[in-house]
Amino acid sequence: MIEARNITRTYTGRGAFTGTRTVHALRGVDFTLPRGGAVSFIGESGCGKTTLGKILTGLESFDGGELLVDGTDLSKLSARRRAPYFRRIQLIHQDPYSALNPTRDVGQILGDPLRMRARETGATRTQQRERAAELLELVGLRPGTLAKYPHQLSGGQRQRVVIARALTVDPEALVADESVSMIDVSMRLGVLSLLRDLRERLGISLLFITHDVATARYLGEGGELHVIYRGQVIERGPTDSVVQQPVHPYTQCLLSAVPVLRGLEEPGPDRLVPLAALDERVATPGCLFAPRCPFATDGCADGRPGLTALPADGAHRHACLHPRARRVVATEAAAVH
Ligand SMILES: Nc1ncnc2c1ncn2[C@@H]1O[C@H](COP(=O)(O)OP(=O)(O)O)[C@@H](O)[C@H]1O
Ligand SMILES: [Mg+2]
């Protein structure tokens, strides 16, 4: 349904102390999101995840590459002609608190976009009310929620309202950017399983963006996982093979921060250390991860590797000069994620 080819986005900013600064938020990202399929992007803060989510939903422009929705290249269309394509792709962003207008009740929050939609579909007032009730049920909220204001709802319930509102326009894809990171841990699984359910029952494609391996794994089941580092995808493939047999040291470091792996690891010569903080200013012509990589050799600083398929599995690709399985050791520091 969505095909992104070599999408780049560069920000140039002027800081008070730093002078002109160029940030390569995305450096040529490619992916295909099939109809009803799932693709997840995982990476630490600042790697370009939100920029990607905004580009895919039309909230941010891109400076290079092509974005195709159902085969139509949006980079060739005017902003006005792009709008109907972007409406099929709805963003669920990370903060359900700021996403909802506190002065309107849920009935109004869902009613406004349903009324707009009715101008195209010709739905009557009664049909709009029925649709609002149907959407509430679909996202697992009681009918009484229609009369509630956002402050009367829990974080998980608010995120369900945000999802219901996104569904008012009958989208074909949802882009979920850290959609559960700001809600209480006890409610996360409910919202994640709702997203998974929408994909299974309604065939809505799901692009899931997160810094958390466990959620990427849960939602990306049967789909592709892309690991992104400083705007570049450095490993990608079927979710299970990337999670179970990561070959890029960065992916291995990310996975080592998963508490669930603790207890399974063995210390060895390939022991991973917790990563030092990301320093945006480190410029390198070589591998972007080399300055922080425990396994970097001199060659890694020379040229930047592109994605290469693993001989054993053509769908699993990596951008590393030294791809190999390593035992993942979660240290105390890395486990506190
Ligand atoms: N509007 C902007 N102006 C300048 N720099 C930006 C802007 N938005 C994002 N960036 C920079 O682009 C990089 C990627 O940001 P973002 O996409 O928000 O990452 P993530 O969501 O993975 O944390 C960061 O270095 C960030 O500082
Ligand atoms: Mg973000």
Side-chain angles (χ1 to χ4, degrees), residues 2 4 6-31 33 39-65 67 79 86 89-99 155 159 162 166 174-183 188 191-192 195 206-217 219-220 224-236 242 248 250-251 253-255 257 275-284 288-289 291-292 304 319 337:
I2 304 177
N6 204 21
I7 299 278
T8 58
R9 178 68 168 104
T10 306
Y11 294 108
T12 318
R14 284 181 61 91
F17 303 107
T18 49
T20 308
R21 206 172 79 108
T22 304
V23 176
H24 298 279
L26 295 174
R27 313 180 194 236
V29 170
D30 292 290
F31 70 89
L33 179 62
V39 171
S40 342
F41 279 83
I42 183 167
E44 67 196 320
S45 176
C47 70
K49 303 186 296 293
T50 295
T51 303
L52 180 66
K54 286 183 171 168
I55 288 173
L56 296 177
T57 49
L59 300 173
E60 183 71 83
S61 59
F62 49 102
D63 23 65
L67 179 61
F86 282 129
I89 310 167
Q90 289 288 311
L91 180 68
I92 311 289
H93 83 107
Q94 71 182 77
D95 184 5
Y97 298 86
S98 66
Q159 197 59 299
V162 172
L174 293 179
V175 174
D177 182 6
E178 305 273 15
S179 293
V180 294
S181 64
M182 290 183 70
I183 62 180
R188 285 185 192 169
V191 173
L192 291 175
L195 289 171
L206 189 62
L207 191 115
F208 191 69
I209 300 176
T210 184
H211 66 277
D212 178 53
V213 182
T215 52
R217 191 173 184 182
L219 280 182
E224 263 210 342
L225 178 64
H226 293 233
V227 183
I228 185 165
Y229 185 76
R230 290 180 66 186
Q232 188 198 352
V233 172
I234 52 89
E235 186 160 5
R236 61 183 274 193
V242 174
H248 195 292
Y250 177 62
T251 313
C253 287
L254 268 188
L255 291 169
L275 288 177
L278 173 63
D279 187 347
E280 258 305 322
R281 290 161 303 182
V282 178
T284 160
L288 293 164
F289 186 57
R292 293 164 89 193
R304 187 164 304 158
H337 200 239

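Counting starts at 1 for both ligands and their atoms, in listed order.
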**Prompt:** Do any nitrogen or oxygen atoms of G46 come within less than 3.5 Å of a nitrogen or oxygen of ligand 1?
**Reply:**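 N/O-N/O distance below 3.5 Å exists for this pair.
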
If the cut-off is 4.0 Å to any non-hydrogen atom of [X], which atoms of ligand 1 fall inside it?
X	answer
S45	23 (O)
T51	15 (O), 16 (P), 17 (O)
T50	17 (O), 18 (O), 20 (P), 21 (O)
A25	12 (O)

**Close approach, G43 and ligand 1, non-hydrogen under 4.0 angstrom** =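 It does not; every heavy atom stays at 4.0 Å or beyond.
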
**Request:** Examine S45 and say whether one of its N/O/S atoms is closer to the Mg ion (ligand 2) than 2.8 Å.
**Result:**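 Looking at S45, which is the residue asked about, there is no N, O or S atom under 2.8 Å from the Mg ion (ligand 2).
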
Side chain to side chain contact (heavy atoms under 4.5 Å, CB included) partner of [X], the single match among [options]:
X	options	answer
H226	V39, V29, D30	V39
K54	T51, L52, T50	T50
V242	V213, L225, I42	L225

**Request:** Keeping the roles fixed (side chain from D177, backbone from L91), state whether a donor-acceptor pair exists under 3.5 Å.
**Result:** no

**Item:** Stepwise side chain to side chain contact (heavy atoms under 4.5 Å, CB included) test for H211 and E178
**Value:** CA-CA 7 Å; H211 66 277; E178 305 273 15; 2.8 Å; yes

**Request:** Step by step, work out the side chain to side chain contact (heavy atoms under 4.5 Å, CB included) result for F208 and L192.
**Result:** CA-CA 10 Å; F208 191 69; L192 291 175; 3.9 Å; yes

**Request:** With heavy atoms under 4.0 Å as the rule, classify the contact between V23 and ligand 1 as side chain, backbone, both or neither.
**Result:**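 Answer for V23: side chain.
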
**Asked** What is the ring orientation for F289 with H248, classed by angle as parallel under 30°, tilted 30 to 60°, or perpendicular over 60°?
**Response**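 Geometry flag for H248 against F289: tilted rings.
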
**Candidate with minimal heavy-atom separation from atom 22 (O) of ligand 1, of K49, R9, H211, R230** = K49

